[in-house]
Amino acid sequence: MGSTSAHDNEGLGRRDLIKRSAALGVITVPTMSFLASCASGDSGSDEKVEKGTKSAENPLAVNESAPLELVIFDGGFGTKYAEDAKAVYAKTYPKAKVTFSKTQKIQSVLQPRFNGGTPPDLIDNSGAQQMDMGVLVGKKQLADLTPLLDAPSIDDPSKTVRDTLRPGIVEMGQFDGDPVWILYYAYTVYGVWYSQTALDKLDATYPENWDDMLALCAKAKKKGIAGWTYAGKYPYYLPFSLYPFIAKIGGAEVLDAIDNLEPKAWEHPAVKAAFEAYYELYKKGYVLEGTPGLDHRGSQGAWANGKALFIPNGSWVENEEAAIIPKDFKLSVGAPSGLDSSDKMPFGTIWASGGEPFVVPANAKNAEGGMEQLRIMLSEASSKSFTTSTKSLSAYNGGTDGIELSDGLKSGVAALEKAGTNVVNPRMQDWYVKLQKEQIGVSGLGEMMAGRATPAETIKKIQGYADAAAKDESIKHFKHQ
């Protein structure tokens with residue numbers, strides 16, 4: 001979400017979702033049928049460019065003089081990293097005209113072009129107006145990126161691009177079988193973000209169980225500080241900490257069942273326990289007053305200004321709020337506090353996965369050029385550009401040597417080290433966008449955390465949404481392999 005991911009003004013502000021999020025307050029999340037129409041255009045495009053000559057220097061057979069068009073989501077990560085990579089492409093292929101544009105309104109800008117069969121060659125499909133990945137895959141609107149993954153990497157031709165990626169990146173782009181439809185460029189750490197300085201002032205440490213979390217929130221409340229805030233208008237941010245909390249309580253298989261739309265998956269005791277724990281934050285008055293009316297930027301701003309200790313978010317938040325986070329903030333991220341000693345997974349269990357999804361449309365005129373641009377982005381130099389400009393990790397497994405890591409990034413790296421193999425990767429936000437955002441998020445968690453529905457009512461409602469999605473033959477269904 002991301003970028004995300006949120007996720008971006010969102011209209012990720014996260015990113016136009018998360019700033020992947022913002023737009024939702026002004027622009028409702030598109031319905032599945034609307035997204036389907038966005039991805040259903042098979043009217044054909046102008047002729048594709050002829051391939052170039054394949055060589056060691058040009059393993060994807062890029063046409064060196066063919067135009068290339070890139071559309072990048074302008075969210076929490078900004079676009080500098082993509083512009084830097086575009087400059088490398090232009091230098092490598094000086095005869096090619098490279099067109100670069102950025103927007104937060106991915107769907108509304110690109111929908112007519114998908115319908116007309118004339119999409120760009122490479123798209124950063126992120127934000128609140130993100131096109132539904134499951135629909136795009138199901139309608140066969142994306143190119144298989146396997147040629148990119150099997151091509152020699154920029155830095156070491158003895159390794160393929162696939163060999164240079166962080167664990168899980170390839171699998172995230174696979175929806176059904178071996179083809180890889182999406183390259184998630186960012187590597188996002190989701191969790192509970194906080195100021196270590198704020199905890200120090202309370203003579204507190206990050207709570208590892210829920211009793212300690214509630215005790216710390218009570219202590220903060222006495223000082224006039226809320227325990228939590230969140231993107232009230234975009235409550236699908238809550239799962240960034242809630243989903244790994246559920247996994248910690250009941251095991252990763254609970255999240256798999258939820259993703260698989262299995263009957264009664266949301267009725268699992270771990271879900272009930274997690275919902276009741278979060279609802280307790282509301283009942284005890286530990287959520288910042290007015291939070292349900294805040295968008296992602298408003299909640300992040302209040303948190304950065306010390307009005308609340310904790311906020312569920314992704315690692316893009318450091319870059320997104322860089323202008324207002326105090327220099328002595330000591331930005332940190334914590335894995336979800338556990339429930340109690342009966343939890344199935346250890347403290348440190350966290351959600352970390354690819355974010356900022358890049359796609360090459362099946363009807364792209366210059367698909368080889370789009371993949372080559374991604375190959376350039378997956379070099380060490382481009383990865384360092386991304387990490388330096390965004391304070392986030394990329395999908396490239398490395399790229400941090402010689403870089404002075406920011407507080408948040410150092411904390412994220414430490415969280416990953418502590419988690420070890422206890423990293424979960426729920427796919428709901430990739431597979432079923434409407435279900436995740438509108439239904440689980442806004443209609444479910446948003447109503448519960450605003451005190452307008454109990455945990456039991458919320459679970460019943462969400463299970464109903466999931467059951468309906470499972471029975472909906474108009475959408476493509478996916479399952480963990």
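The distance between the ring centers of Y185 and F77 does not fall below 6.0 angstrom. Ring pair W303/Y230: centre-to-centre distance not below 6.0 Å. W210 has its ring centre less than 6.0 Å from the ring centre of F245.
With salt bridges taken as basic N to acidic carboxylate O contacts below 4.0 Å, none links K330 and D407. Between E447 and R452 a salt bridge is recorded (basic side-chain N to carboxylate O distance below 4.0 Å). No salt bridge links E457 with K461; every basic N to acidic carboxylate O contact stays at or beyond 4.0 Å. Taking 4.0 Å as the cut-off between side-chain N and carboxylate O, R297 and E321 count as a salt-bridged pair.
T229 and T291 share a side-chain donor-acceptor pair at under 3.5 Å. With no hydrogens or angles considered, no side-chain donor-acceptor pair links H480 and N260 at under 3.5 Å. Side chain to side chain, S443 and Q439 fail the donor-acceptor criterion of an N or O pair below 3.5 Å. S394 and Y81 are not linked by any side-chain donor-acceptor pair at a separation below 3.5 angstrom, with hydrogens and angles left out of the test. For the residue pair D340/S342, the side-chain donor-acceptor check at 3.5 Å is satisfied. Between the side chains of S108 and Q129, at least one donor N or O lies within less than 3.5 Å of an accepting N or O.
Looking only at side-chain heavy atoms (C-beta outward), L309 and L216 come within less than 4.5 Å of each other. At least one side-chain heavy atom of F386 sits under 4.5 Å from a side-chain heavy atom of S392. When side chains are defined from C-beta on, H268 counts as touching V271, because their heavy atoms get closer than 4.5 Å. Side-chain contact between Y206 and V192 is present, with at least one heavy-atom pair separated by less than 4.5 Å. Using a 4.5 Å heavy-atom threshold, the side chains of Q130 and K437 count as touching. Counting only heavy atoms from C-beta outward, the side chains of M131 and V359 never approach each other to under 4.5 Å. With contacts defined as side-chain heavy-atom distances shorter than 4.5 Å, the pair F73/K102 does not qualify. The closest side-chain heavy-atom distance from E267 to Q463 is below 4.5 Å.
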Run C217 and L281 through side chain to side chain contact (heavy atoms under 4.5 Å, CB included) and show every step you take.
CA-CA 8 Å; C217 289; L281 295 173; 4.2 Å; yes
Given Q300 and E320, is the side chain to side chain donor-acceptor pair (under 3.5 Å) satisfied, shown in steps?
CA-CA 9 Å; Q300 290 168 190; E320 192 164 65; 2.9 Å; yes
Going through the distances and angles, do L416 and V189 end up as a side chain to side chain contact (heavy atoms under 4.5 Å, CB included)?
CA-CA 8 Å; L416 288 174; V189 177; 4.0 Å; yes
Begin from the C-alpha positions of L136 and F114 and carry the test side chain to side chain contact (heavy atoms under 4.5 Å, CB included) through to its verdict.
CA-CA 10 Å; L136 292 175; F114 265 85; 4.1 Å; yes
I would like to know whether R166 and L393 meet side chain to side chain contact (heavy atoms under 4.5 Å, CB included); could you show each step before the answer?
CA-CA 10 Å; R166 294 184 186 278; L393 298 173; 3.7 Å; yes
Could you give me the CA-CA distance, side-chain angles and deciding distance for D178 and Q174, then say whether side chain to side chain donor-acceptor pair (under 3.5 Å) is met?
CA-CA 6 Å; D178 295 331; Q174 294 173 318; 4.7 Å; no
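Annotation: the span from S341 atom OG to F347 atom CZ amounts to 15.0 Å, rounded to 0.5 Å. Annotation: the span from D132 atom CG to I475 atom CD1 amounts to 8.5 Å, rounded to 0.5 Å. For the atom pair K327 NZ and T197 OG1, the distance stands at 14.0 Å (nearest 0.5 Å). In this structure, Q436 CD and W431 CH2 are separated by 12.5 Å, a value rounded to the nearest 0.5 Å. Remark: L165 CG to M172 CE distance equals 12.5 Å, nearest 0.5 Å. A distance of 8.5 Å separates CG of N425 from CD of Q429, quoted to the nearest 0.5 Å.
Residues passing the ring pair (Phe, Tyr, Trp, His ring centres under 6.0 Å) test with F275: none are found, sequence neighbours excluded.
Between Y194 and F310, the two ring planes are perpendicular [angle over 60°; tilted spans 30° to 60°].
Under a cutoff of 6.0 Å and an axis angle of 45°, R427 and F175 form a cation-pi pair.
Counting only distance, with no hydrogens or angles, the side chain of T349 and the backbone of M345 share no donor-acceptor pair below 3.5 Å. A donor-acceptor pair is defined here as one N or O able to donate and one able to accept, closer than 3.5 Å; no such pair exists between the side chain of N209 and the backbone of L339.
In this structure, K460 places its NZ atom where only 12 or fewer heavy-atom neighbours from other residues, nucleotides or ligands lie under 6.0 Å away.
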